Structures are given as C-alpha cells and as structure tokens.
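Report on one structure; see the data block that follows.
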Amino acid sequence: MNSSKDQIEAISSVINNTRENLKPISINFIFWGCLVIVMSLFHIAFESFIQATQYSATLFWTVLPLIGMILTIYYNIKHRKKIGYETYLSRVIKIIWGVFNLAWIYIIAVSLTLNNFHPVPPILFLLGLILIITGMIIKFKPITLGGIFLITFTFYLNFNPGIDLLVVNVVGVFLGMLLPGLALFYSKPDNKSDG
Amino acid sequence: MDKLLFNPVRLKILSSLINNSQCDFNHLKKVTEATQGNLSIQLKKLKEEKYIHIEKKFSKNYPNTTCSITKKGKIKFEEFFINLITLKENGK
C-alpha cells in the first residue's frame with residue numbers, strides 16, 4: 001500500500017464498511033407505535049378498570065412507558081455492542097431521543113401537579129418536532145411527513161377540545177410513528193442516509 | 001506527510017474512527033484485518049501521539065476496549081487525506 005491511490009482506496013473501503021444501518025431505528029418506532037396504540041386501546045376498552053382509583057390511570061401511563069424506555073435503551077445498547085461501533089448519526093439520534101425522554105418525564109410530572117393540564121397534546125407536539133428532526137437527519141421523508149402530520153394534528157386539537165384524547169393518541173401515533181417506522185423497516189438500504 | 005499514517009493498520013484505524021464516534025477493539029480488528037497483537041501495538045502508538053483516546057472497561061468479566069479519535073487525530077487525518085488527494089491529482 002505505497003501509492004496514494006492504494007491509500008485512498010483503503011480509507012474508502014474502511015468507511016464503506018461502517019455504513020449506517022437504520023433498521024434498529026425503525027424497530028424503535030414500531031415498538032413505541034405498537035405500545036402506545038395498544039395502551040390507548042386497552043384504556044378505551046377497560047376505562048372503568050384503568051380509572052378505578054385516582055392514581056391508577058397515572059400509574060398505567062407512567063409505569064408501562066418507563067418499562068418501554070428501559071427495554072428500548074437495553075436493545076439499543078445491546079445492538080451497539082453487537083456491531084462494535086457507533087456512527088455520528090446514531091449518536092445524534094440517540095441524544096435527540098434522550099432529550100425527548102427527559103421532556104416526556106417533565107411533561108408527565110407537570111401534569112401530575114396541575115389539575116387542568118392534559119399531557120397528550122404537548123407530548124404529541126413534541127413527538128412531531130422530534131420526528132421531523134429525525135426524518136430530516138436520516139433523509140427519510142415518511143418520518144418527516146409523520147412529524148408534520150402530528151404537529152398539524154395537535155394544532156387542530158386546540159380548536160376541537162372535545163375530542164377523545166385516547167383516540168387522538170391512536171390515530172396520531174399510528175399515522176405519525178407506526179406507519180413511517182414500518183416504511184423505514186421495509187425500505188431499501190440505498191434510499192437511506194450513509195451516516 | 002505524516003509518517004505515522006503511512007502504516008496501513010494505523011491509517012485504517014483512523015479511517016474507521018473518523019467515520020464513527022467510537023469503535024471497539026473487535027470492530028477495528030475486523031476492518032484492519034490485523035492480528036490482535038499488531039492492532040494493540042498500533043493503537044498504543046496512536047494513543048502515545050494523542051491521535052486517539054482509549055477507554056478500557058470490563059463487560060461480563062471480559063475486557064472491552066473502546067477507541068475514539070481526538071481533535072489532534074482528526075486534524076492530522078484531514079491533513080494526510082488532503083495530501084493524498086493532491087498527490088493523486090499530480091499522478092503520483
């Protein structure tokens with residue numbers, strides 16, 4: 001490997017070896033999409049059971065998502081250890097969603113202390129913003145469109161306060177997160193960002 | 001040109017680290033196609049010159065070495081790469 005051409009080829013072969021694989025990101029979207037939809041449908045179907053006591057609904061909507069957070073963090077750490085490297089793109093996305101998790105905890109904590117504050121609209125708005133950022137970073141339009149849909153949806157909610165927020169959760173997360181996540185999962189690697 | 005990066009293993013190590021925020025020992029062994037001993041020596045040399053940062057941890061009783069590039073390493077790699085392109089354009 002003496003010539004400059006050989007050295008440039010060695011550099012590019014190493015860089016191509018660590019191309020970004022976006023499938024784990026899509027698995028996160030699919031997992032969270034399914035979890036929130038199943039929880040919302042369960043809440044709608046067994047409303048009297050979930051809202052049996054003053055704190056049962058709060059427990060339901062905090063404990064299960066916290067378990068979900070732990071599971072996704074564990075999955076992402078395990079995946080990173082398995083492949084043996086972390087791209088800058090993965091790192092940026094990890095930080096963005098980490099901040100979203102903290103914001104989610106903050107919004108839930110505020111909703112517990114204020115009586116007339118429902119956490120669903122601000123969480124969906126924030127989720128929409130994060131989806132737009134993620135979609136633009138990984139250059140995947142369905143994720144960006146999902147985010148735009150969620151922002152528009154939460155804007156619409158302001159003028160229609162009577163809508164059942166559990167139904168809003170189901171529709172918003174299905175169109176904003178689950179469908180784009182499935183689209184990313186089944187997309188061809190060539191369409192994705194190269195990290 | 002930086003003589004340290006003329007070694008193919010060291011060049012491949014920095015090429016991998018410039019593209020990733022961090023890489024573990026096994027991944028570097030795979031991309032450099034070097035033996036464990038040779039890779040350890042080259043990593044040590046890059047660390048001594050402060051081109052890379054090495055973090056050693058234990059995971060389930062097994063040693064786990066993670067490497068990342070330093071600011072100096074990034075500058076040196078960029079300079080080396082620009083020089084390579086210039087040489088290539090001049091037909092050398």
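Source: prediction; values computed, not measured. Here is how names work: the chains are called A, B, and so on, in the same order as the sequence lines, proteins then strands, and each is numbered from 1.
Other residues, nucleotides and ligands contribute more than 12 heavy atoms inside 6.0 Å of the CZ atom of A:F117. Shown here is B:Q36, whose CD atom has no more than 12 heavy atoms of other residues, nucleotides or ligands within 6.0 Å. Remark: A:Y75 OH is packed, more than 12 non-hydrogen atoms of other residues, nucleotides or ligands lying under 6.0 Å away.
With rounding to the nearest 0.5 angstrom, the CD1 atom of A:I11 is 9.0 Å from the CG atom of B:L14.
Across all their heavy atoms, B:C23 and A:Y85 have their closest contact at SG-CB, 3.8 Å. Looking at every heavy atom in both residues, B:D24 comes nearest to A:K81 through OD2-O, 3.9 Å.
When hydrophobic clusters are built by joining Ile, Leu, Val, Met, Phe, Trp and Tyr residues whose side-chain heavy atoms come closer than 4.5 Å, directly or via intermediates, A:F100 is not grouped with A:Y74. The hydrophobic cluster containing A:I138 does not contain A:I95, counting ILVMFWY residues as joined when their side-chain heavy atoms lie under 4.5 angstrom apart, directly or transitively. Following chains of ILVMFWY side-chain contacts shorter than 4.5 Å, one can reach A:V120 starting from A:L126, so the two form part of one hydrophobic cluster. When the side chains of ILVMFWY residues are joined at heavy-atom separations under 4.5 Å, either directly or via intervening members, A:I27 and A:I73 end up in two distinct hydrophobic clusters. Linking ILVMFWY residues whenever their side-chain heavy atoms come closer than 4.5 Å, directly or via other members, leaves A:I151 and A:W32 in distinct clusters.
Using non-hydrogen atoms only and a strict 4.5 Å limit, no part of residues 36-51 of chain A faces chain B.
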Test log, rule side-chain contact (heavy atoms from CB on, under 4.5 Å), inputs A:R80 and B:Q22: CA-CA 10 Å; A:R80 201 206 70 72; B:Q22 52 179 278; 3.7 Å; yes
Working for side-chain contact (heavy atoms from CB on, under 4.5 Å), residues B:H27 and A:I83: CA-CA 7 Å; B:H27 177 71; A:I83 59 169; over 6 Å; no
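A 4.5 Å side-chain heavy-atom check between A:V14 and B:N19 finds every atom pair outside the cut-off. With a 4.5 Å cut-off on side-chain heavy atoms, B:N20 and A:E86 do not count as touching.
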Distance-only donor-acceptor pairs under 3.5 Å for side chains of residues 67-87 of chain B, two or more places apart:
residue, atom, partner, partner atom, Å
B:T70, OG1, B:K50, O, 2.6
B:T70, OG1, B:Y51, O, 2.9
B:T70, OG1, B:G73, N, 3.1
B:K72, NZ, B:E49, O, 2.9
B:N83, ND2, B:E79, O, 3.2
B:T86, OG1, B:I82, O, 2.7

